[in-house]
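Below is one structure, written out as C-alpha cells, with a few remarks after it.
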Amino acid sequence: TTDMKGIYSALLVSFDENGNVNEQGTREIIRHNIDKMKVDGLYVGGSTGENFMLSTDEKKRIFEIAKDEAKDEIKLIAQVGSVNLKEAVELAKFTTDLGYDAISAVTPFYYKFDFEEIKHYYNTIINSVDNRLIIYSIPFLTGVNMSLDQFAELFENEKIIGVKFTAADFYLLERMRKAFPNKLIFAGFDEMMLPATVLGVDGAIGSTFNVNGVRARQIFELAQAGKIEEAREIQHVTNDLITDILDNGLYHTIKAMLEEEGVHAGLCREPMKKTTPEMAARAKEIHKKYF
Ligand code: NGF
C-alpha cells in the first residue's frame with residue numbers, strides 16, 4: 001500500500017454550455033495537475049468530479065479519459081461508489097480493467113442503511129475485482145458516521161486498504177491512526193491538512209489542489225519534517241484562499257481560476273448553476289491575489 005501515499009487532486013471535470021463532458025478541457029485539467037501541480041495522483045469520479053450527477057456512460061468515459069491522458073505517469077484512484085450497487089460493481093470492474101491503481105467507494109447514502117448493509121456493500125464491490133479499495137467517508141454530505149469499531153470491521157477485509165477521511169473529527173482520526181498503522185489514511189479537508197498531517201495521515205485528496213497543489217505539497221512535506229511554523233504560514237495563506245473560494249462557490253471558482261491559467265475547465269453540471277459573470281470576475285480577482 002505504501003506505493004499509494006501522497007498528494008492527489010480530486011479531479012474536476014469540464015462541462016460545456018449544454019452540460020456535456022468537454023473531453024479536451026478535462027484532458028487539460030489532468031495535464032495541469034500532472035505538469036504544474038506535480039501531484040502524485042488523481043482521485044477520479046469524486047464529489048469534485050460532480051460524479052453523482054452523471055450517467056454510467058459518462059462516468060465510464062471520464063475514467064477512460066483520465067487513464068488515457070495520465071497513462072502511468074501518476075497514480076489513479078477511481079471512485080465507483082453509488083447507491084446503485086450494481087452500478088458500483090460494474091464501474092469497479094471497468095476501472096480495474098482500465099488499470100486503475102485502486103478503487104474507492106463513498107458510503108452508501110440517502111437511505112439510512114445499517115452497518116451490516118454498508119459492510120455488505122463494500123465487500124460486494126471489492127470482492128468482485130482483483131483490486132484494492134479505499135473507503136470514502138464524508139459524513140457532512142452523506143450523513144453516514146462510522147465508529148472506530150465499524151472501520152475495524154471493514155478493514156478485516158485485506159483488500160480494503162484505507163480511507164479517505166473527509167471529516168473534522170481529529171479524535172477519531174488519531175484513534176484510527178493508532179489502531180490501523182498499516183492502513184492508508186488520506187486527509188479530505190484541504191483547510192485542515194496541517195493538523196491531519198501532524199496526526200500522521202499518509203496523504204491527502206483535495207479539490208483545491210487543482211489550483212493550489214504546490215502549496216498543499218509544501219504544507220504536507222514541511223509538517224512531515226516537523227517544520228510546523230513554516231507549514232502553518234502556508235496553511236494560513238491557503239486557508240485565506242480556500243475561504244475566498246468557498247465564499248464565491250467551490251467548484252465554480254476553482255474552474256474559473258483554472259481558466260485564468262489557460263485551462264479550459266468550463267462550467268458545472270446542472271442542477272449546479274452556471275458560473276455567472278460576477279462569479280467569474282471574482283474568481284479572476286482571487287486568482288490574481290494568490291498566484
Ligand atoms: O469537495 C469536497 C466535498 N471535498 C473535497 C475533497 O474531500 C475531495 C475537499 O477538497 C472530495 O471530497 C472528492 O472530490 O471526492 C474540499 O473541497 C475542500 O477541503 C474545501 O472545503 O464538498
Side-chain angles (χ1 to χ4, degrees), residues 6-15 26 29-30 33 37 39-54 59 62-63 66 76-82 88 91 95 100 102-109 133-144 162-170 173 184-197 201-213 215-217 219-220 234-258 265 268-269 272 283 286 290:
I7 304 295
Y8 290 68
S9 280
L11 184 67
L12 291 157
V13 173
S14 179
F15 294 97
T26 303
I29 300 172
I30 296 162
N33 272 299
M37 299 295 100
V39 294
D40 298 305
L42 289 174
Y43 188 82
V44 185
S47 314
T48 306
E50 300 174 59
N51 173 78
F52 304 107
M53 296 175 279
L54 305 181
K59 293 176 190 182
I62 291 160
F63 287 132
L76 291 176
I77 302 172
Q79 196 299 117
V80 302
S82 167
L91 293 174
T95 53
Y100 275 67
I103 60 173
S104 180
V106 71
T107 51
F109 52 90
L133 183 138
I134 294 161
I135 298 162
Y136 179 11
S137 177
I138 180 160
F140 96 100
L141 289 182
T142 58
V144 181
V163 58
K164 171 160 122 62
F165 187 87
T166 307
D169 186 342
F170 286 102
L173 180 59
L184 290 171
I185 305 178
F186 292 99
F189 272 130
D190 315 353
E191 51 278 51
M192 299 176 225
M193 188 181 208
L194 171 56
T197 307
V201 295
D202 300 291
I205 299 170
S207 64
T208 63
F209 306 166
N210 284 273
V211 282
N212 196 47
R215 284 195 190 96
R217 179 179 297 284
I219 296 168
F220 186 62
I234 303 171
Q235 186 78 67
H236 283 323
V237 179
T238 288
N239 287 7
D240 288 344
L241 165 64
I242 293 177
T243 303
D244 282 345
I245 289 176
L246 290 174
D247 185 50
N248 193 50
L250 178 60
Y251 307 134
H252 300 82
T253 306
I254 304 176
K255 286 182 178 183
M257 290 175 75
L258 284 169
C268 290
R269 170 71 164 241
M272 286 194 189
I286 297 170
Y290 297 96

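Whatever order the structure lists ligands and atoms in, that order sets their numbers, starting from 1. Nothing fancy with the numbering, it's 1 onward along the sequence.
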Which atoms from ligand 1 have a heavy atom of [X] less than 4.0 Å away?
{"X": "G46", "value": "14 (O), 15 (O)"}
{"X": "F189", "value": "19 (O)"}
{"X": "E191", "value": "18 (C), 19 (O), 20 (C), 21 (O)"}
{"X": "I138", "value": "3 (C), 12 (O)"}
{"X": "G188", "value": "5 (C), 6 (C), 7 (O), 9 (C), 10 (O), 19 (O)"}
{"X": "T48", "value": "1 (O), 8 (C), 11 (C), 13 (C), 14 (O)"}
{"X": "G206", "value": "10 (O)"}
{"X": "L250", "value": "1 (O), 17 (O)"}

Single hit among V211, I245, L241 for side-chain contact (heavy atoms from CB on, under 4.5 Å) with Y290: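 Between Y290 and the candidates, side-chain contact (heavy atoms from CB on, under 4.5 Å) is satisfied uniquely by L241.
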With respect to V44, which candidate in V13, I30, I62 satisfies the side-chain contact (heavy atoms from CB on, under 4.5 Å) definition? I62
Please round to the nearest 0.5 Å and tell me the distance separating atom CG of L246 and atom CD1 of I254. 8.0 Å
Here the gap from L184 atom CG to K164 atom NZ, rounded to the nearest 0.5 Å, amounts to 14.0 Å
Could you tell me whether F189 and F140 have their ring centroids closer than 6.0 angstrom?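 Yes; F140 has its ring centre under 6.0 Å from that of F189.
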Y43 and Y136: aromatic ring centres closer than 6.0 Å? yes
Per-residue contact class, [X] against ligand 1 - non-hydrogen pairs under 4.0 Å:
{"X": "F140", "answer": "side chain"}
{"X": "Y43", "answer": "side chain"}
{"X": "T166", "answer": "side chain"}
{"X": "I245", "answer": "neither"}

Could you tell me whether some N/O pair between Y136 and ligand 1 is separated by less than 3.5 angstrom?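 For ligand 1, there is an N or O atom that lies under 3.5 Å from one belonging to Y136.
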Selection from S47, A167, S9 by shortest heavy-atom distance to atom 13 (C) of ligand 1: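 Result: the heavy atom closest to atom 13 (C) of ligand 1 is in S47.
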Does the pair M193 and I7 meet the rule for a side-chain contact (heavy atoms from CB on, under 4.5 Å), with working shown? CA-CA 11 Å; M193 188 181 208; I7 304 295; 3.5 Å; yes
Find out whether T238 and D190 are in side-chain contact, i.e. whether some heavy atom of one side chain is under 4.5 Å from a heavy atom of the other. no
Do L258 and L12 touch side chain to side chain, with heavy atoms closer than 4.5 Å? yes
Check: A10 main-chain N/O paired with N210 side-chain donor or acceptor under 3.5 Å: yes
Side chain T26, main chain S14, donor-acceptor under 3.5 Å: yes
Just to check, does Y251 reach to within less than 4.0 Å of ligand 1 when the distance is taken from its heavy atoms?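 Right, Y251 reaches ligand 1.
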Among the heavy atoms of K164, does any lie under 4.0 Å from an atom of ligand 1?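 The answer is yes: ligand 1 sits under 4.0 Å from a heavy atom of K164.
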Which residue and heavy atom of the protein sit nearest atom 16 (C) of ligand 1, plus the separation: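 Among all protein heavy atoms, the one nearest atom 16 (C) of ligand 1 is S207 OG, 3.5 Å.
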